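Reading through the C-alpha cells given below for one structure.
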Amino acid sequence: MASQKPSIPKGTRDFSPVEMSRRNFIFETTRRVFKKYGFLPIETPAMENLSTLLGKYGEEGDKLLFRILNSGDFLRGIGNSEVEHASPAALASKITSRGLRYDLTVPFARYVVQHRNEINFPFRRYQIQPVWRADNPQKGRYREFYQCDADMIGSDALVNEFELVKIIDEVFSELGLKVTVRINNRKILAGISEVIGEKEKIVDITVAIDKLEKIGIGKVKEELLSKGISQASLDKLDPVFVMHGDNEQKLDQLESYLASSQTGMQGIAEIRKMLEYLQTDPVSAGVALDITLARGLNYYTGAIIEVKSDEVQIGSICGGGRYDDLTGIFGMPGISGVGISFGADRIYDVLLQLERFPASAEEHTQLLFVNFGEEAVKYILPMLGKLRSAGVRAELYPDQARMKKQMTFANQSGIPFVALVGENEISAQQVTLKNMETGDQQLLGFDTLLTILRSQLS
RNA sequence: GUGGAUGUAGCUCAGUUUGGUUAGAGCGCUGGAUUGUGGUUCCAGAGGUCGCCGGUUCAAGUCCGGUCUUCCACCCCA
C-alpha cells in the first residue's frame with residue numbers, strides 16, 4: 001500500500017512541547033489575572049447552530065464561517081435544477097446547519113440567554129478556547145487560533161470598562177510587553193455620521209475612517225464617495241481628520257464638533273468617565289483616544305478597545321468593546337455587556353520575536369536517573385516516587401542503554417540534573433548527582449540530594 | 001475572494017537563466033576514537049520518487065500547463 005504524505009489543513013498548526021510550554025505561560029497568565037478580577041470560567045461547544053452564528057459578524061464574517069456538512073443524506077429534497085441554478089450561498093444553507101464558532105462573544109451571548117435562570121447578574125465570565133475562521137492565512141493570521149475572553153454582562157456601569165483596561169495592563173505587564181491601549185466609542189462614530197448628515201451610513205463611514213492611518217485622507221474620501229456619501233457630507237467630515245493633541249484636547253475638539261448630536265455627546269461623556277476612573281488608579285500602559293478606531297464587528301454599541309504592541313508590527317493583540325443588545329437577538333433584550341479578547345497566538349508571535357519568554361515558562365524534566373540495569377532500577381524506583389511527591393519533575397531512563405546515549409538524551413532534553421546510581425552508589429547507599437550545566441558531580445545521601453535539588457530548582 | 005512570491009536531505013539553502021552520466025554544502029542524525037559521563041575535537045557512514053499530477057523531448061530538478069502548501073499584500077481581523 002502506498003503511504004500518503006501526512007499533512008494538516010491550511011492555516012492550522014501542530015504545537016511541540018516547547019511551544020506548548022510557552023503557550024501555557026500565556027494562558028496561565030491571562031487566566032490568573034481573570035480570576036483575580038472575579039471572572040468565572042465557562043466553555044461552549046466548538047460548533048454552534050448556524051442560526052446562532054450567521055448575521056452577527058457582518059457580510060464578510062458570514063463568508064468566513066466554517067460550515068459543517070449535515071450528517072446523513074444531506075442532499076435529500078434537493079433537486080438537480082436547484083444544484084445547478086441556486087447560488088452557492090443558498091445551496092450551502094440547505095446542506096449545512098452548524099458551523100465552527102467564529103469568536104467567543106456570540107456563543108457567550110447565546111449561553112447567557114439559555115442559562116439566564118442560573119446566572120447571577122451581573123455576571124463575569126472568562127473563556128479560553130480556540131475559534132476558527134476561513135480566512136486566508138498570513139503573518140499573525142491563522143484559521144485556528146485561541147482567544148482568551150473576559151466579559152461582564154448585566155451592567156452598563158463604566159467601571160467595567162475601567163476594569164478591562166486594568167486587566168489588559170496587568171496581563172501585558174506580567175507578560176513583559178509594552179503596549180498601547182487605544183479606545184474609542186461607537187457613539188462618537190454615530191455622532192460623526194449624524195453631524196455630517198449620513199446617519200444610516202455609519203458602518204461604511206467607520207470602516208473607511210478606520211483605514212485613515214494606513215491609506216491617508218485622500219483614499220478614505222475616495223472610498224466614502226464610492227459608497228454614496230455626498231461631497232457636501234464629506235466636507236463636513238474634514239475637522240475629524242485634523243483633530244490632534246492629547247486625550248483631553250481631542251475631547252474638547254470633539255465636544256464642539258458633536259454639539260448637535262446627543263448620541264455623540266454621550267459617547268464623549270462615557271470616554272471622560274473612563275479616563276476619570278483611570279486617574280484614580282492609573283495604569284502603566286499608554287491609553288489613547290483614537291477616533292479612527294472602528295473595528296468591524298457590528299455588534300459594538302459603546303466603548304471600543306484595541307491593544308497593539310509598541311515593539312512588534314503585527315495586527316491587534318487584544319480587542320473588545322461594549323455591546324448593548326447582543327442577547328436581544330436571542331430573545332433577551334435590555335442586557336448590556338462589555339468584554340475583551342486576548343489573541344494568544346499573536347501574543348505568542350510577539351513574545352517569540354522579542355525573545356521575551358521567561359526560562360520559567362519551560363517545563364522540562366528536572367532530574368533524570370541513568371539506567372544501570374534491573375538491580376539499580378529497583379533501588380531507584382522508591383526514590384523516584386519520593387522525589388515526585390516532593391514536587392521534583394523526575395524520570396528514569398527506561399532502558400539500559402549505553403551511558404553516552406543516556407547522557408546525550410539528558411543534554412538534548414534540557415534536563416539540568418542527572419542522577420547516577422550504579423553498583424558503587426547502591427553499596428554506599430548514596431546517589432551521584434551531576435549538574436549538567438557546570439559538569440560538577442558529587443556523591444550524596446537522599447536527604448541532601450533533595451535539599452540541593454530544592455534550592456537549585458526553585 | 002483578489003494579486004505576487006515560494007516548494008531540492010530532518011533543518012537552512014545552492015544548483016533551474018543556457019535541459020545532458022551517479023543532484024551538492026552547512027547544520028543535524030548514526031557509529032567509532034572514549035565498554036560509569038553529555039555539551040568541544042577528529043574519523044567514518046546513512047539519508048533525496050527535486051511538493052503533486054500531466055505535457056513537450058532521445059533526455060526534465062531545469063521548459064510548458066494544472067493543482068496543492070507556505071509566505072507576503074489587499075479585504076477583514078486576534
Side-chain angles (χ1 to χ4, degrees), chain A residues 2-13 26 30 57-65 88-89 102-105 128-149 168 203 206-208 210-211 214-215 219 223 293-298 304-309 313-320 339-350 368-373 376 397 400-426 432-441 443:
Chain A
S3 69
Q4 67 184 57
K5 216 174 202 174
S7 65
I8 54 174
K10 183 181 192 164
T12 65
R13 297 152 298 157
I26 297 171
T30 50
Y57 311 105
E59 215 175 300
E60 285 296 320
D62 284 357
K63 281 189 212 156
L64 298 179
L65 286 173
Y102 179 92
D103 70 358
L104 300 178
T105 307
I128 300 176
Q129 287 192 280
V131 302
W132 295 269
R133 297 183 187 175
D135 214 342
N136 241 338
Q138 55 179 275
K139 189 168 196 71
R141 172 170 303 185
Y142 308 100
R143 287 185 155 188
E144 178 183 59
F145 61 96
Y146 269 76
Q147 292 193 330
C148 310
D149 273 36
I168 290 169
V203 173
T206 55
V207 167
D210 189 44
K211 295 176 194 162
K214 218 168 182 178
I215 63 178
K219 295 257 183 190
E223 180 167 330
L293 176 61
R295 295 181 57 78
L297 262 23
N298 20 15
I304 308 173
I305 302 169
E306 187 165 283
V307 182
K308 284 203 152 187
S309 163
Q313 191 76 30
I314 195 167
S316 61
I317 52 181
C318 177
I340 43 165
S341 176
F342 290 82
D345 300 79
R346 283 187 181 173
I347 293 170
Y348 179 96
D349 290 346
V350 170
L368 175 81
F369 279 94
V370 169
N371 189 327
F372 282 105
Y397 196 90
Q400 191 188 339
R402 286 185 0 267
M403 185 155 174
K404 181 180 167 129
K405 185 170 180 176
Q406 300 192 44
M407 293 301 287
T408 305
F409 172 80
N411 189 46
Q412 294 184 340
S413 307
I415 299 174
F417 290 97
V418 167
L420 305 166
V421 184
E423 269 175 49
N424 305 342
E425 285 84 359
I426 293 174
T432 298
L433 180 69
K434 174 163 176 140
N435 181 321
M436 291 297 279
E437 202 185 326
T438 61
D440 296 343
Q441 61 185 59
L443 195 61

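Order of the sequence lines sets the chain letters (A, B, ...), proteins ahead of strands, with each chain counted from 1. What you are looking at is a predicted structure, and each value in this text was computed from that prediction instead of being measured.
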Integer angstrom distance from the [atom1] of [N] to that of [M]:
N: C64(B); M: G19(B); atom1: P; result: 12 Å
N: C74(B); M: G7(B); atom1: C1'; result: 24 Å
N: U34(B); M: C52(B); atom1: C1'; result: 47 Å
N: G28(B); M: U41(B); atom1: P; result: 8 Å
N: U8(B); M: C71(B); atom1: P; result: 14 Å
N: U40(B); M: U30(B); atom1: P; result: 13 Å
N: U17(B); M: U62(B); atom1: P; result: 10 Å
N: U49(B); M: A9(B); atom1: C1'; result: 13 Å

Watson-Crick or G-U counterpart of [N], or none if no pair lies under 3.5 Å:
N: G3(B); result: C72(B)
N: G36(B); result: none
N: U56(B); result: none
N: U17(B); result: none

Q. So which heavy atom on Asp210(A) is nearest to which on Ala294(A), and how close?
A.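 Scanning both residues completely, I find the closest heavy atoms to be OD1-N, 3.4 Å.
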Counting the atoms with a prime plus P, OP1 and OP2 as sugar-phosphate, which does [X] contact under 4.0 Å by heavy atoms, base, sugar-phosphate, or nothing?
X: Gln138(A); value: base
X: Lys434(A); value: base
X: Tyr142(A); value: base
X: Leu420(A); value: base
X: Glu425(A); value: base

Q. Tyr57(A) and Asp103(A): side-chain donor and acceptor closer than 3.5 Å?
A.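 There is such a pair between these side chains.
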Q. Hey, what's the ring geometry for Phe409(A) with Tyr397(A), parallel, tilted or perpendicular (30° and 60° as the breaks)?
A.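 Geometry flag for Tyr397(A) against Phe409(A): perpendicular rings.
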Q | Closest-nucleotide ordering on RNA chain B, the 5'-leading residue of Pro9(A) and Gly140(A) | A |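 It is Pro9(A), whose closest nucleotide lies nearer the 5' terminus.
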Q) Phe409(A) or Lys308(A): which one's nearest nucleotide on RNA chain B is closer to the 5' end? A)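 Closest to the 5' end, via its nearest nucleotide, is Phe409(A).
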Q) How close or far is atom C1' of C76(B) from atom CD of Glu223(A), stated in whole angstroms? A)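 Atom CD in Glu223(A) sits about 12 Å away from atom C1' in C76(B).
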Q.
Are the side chains of Phe417(A) and Leu368(A) in contact, using a 4.5 Å heavy-atom criterion?
A.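 They are not in contact (no side-chain heavy atoms under 4.5 Å apart), so the answer is no.
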Q: Measure the shortest side-chain to side-chain distance between Phe145(A) and Arg346(A) over non-hydrogen atoms and say whether it is less than 4.5 angstrom.
A: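 No - every pair of side-chain heavy atoms lies 4.5 Å or more apart.
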Q. For Phe342(A) and A78(B), do the ring centres fall under 5.5 Å apart while the planes stay under 30° apart?
A.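 According to the criterion (under 5.5 Å, under 30°), no, Phe342(A) does not stack.
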Q: Among C29(B), U2(B), G36(B), find the nucleotide with the atom closest to the side chain of Asn136(A).
A: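 Of all the options, the side chain of Asn136(A) is nearest to U2(B).
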**Q.** Options G39(B), G36(B), G31(B), nucleotide nearest the side-chain atoms of Arg402(A)
**A.**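 Per side-chain heavy atoms of Arg402(A), the pick is G31(B).
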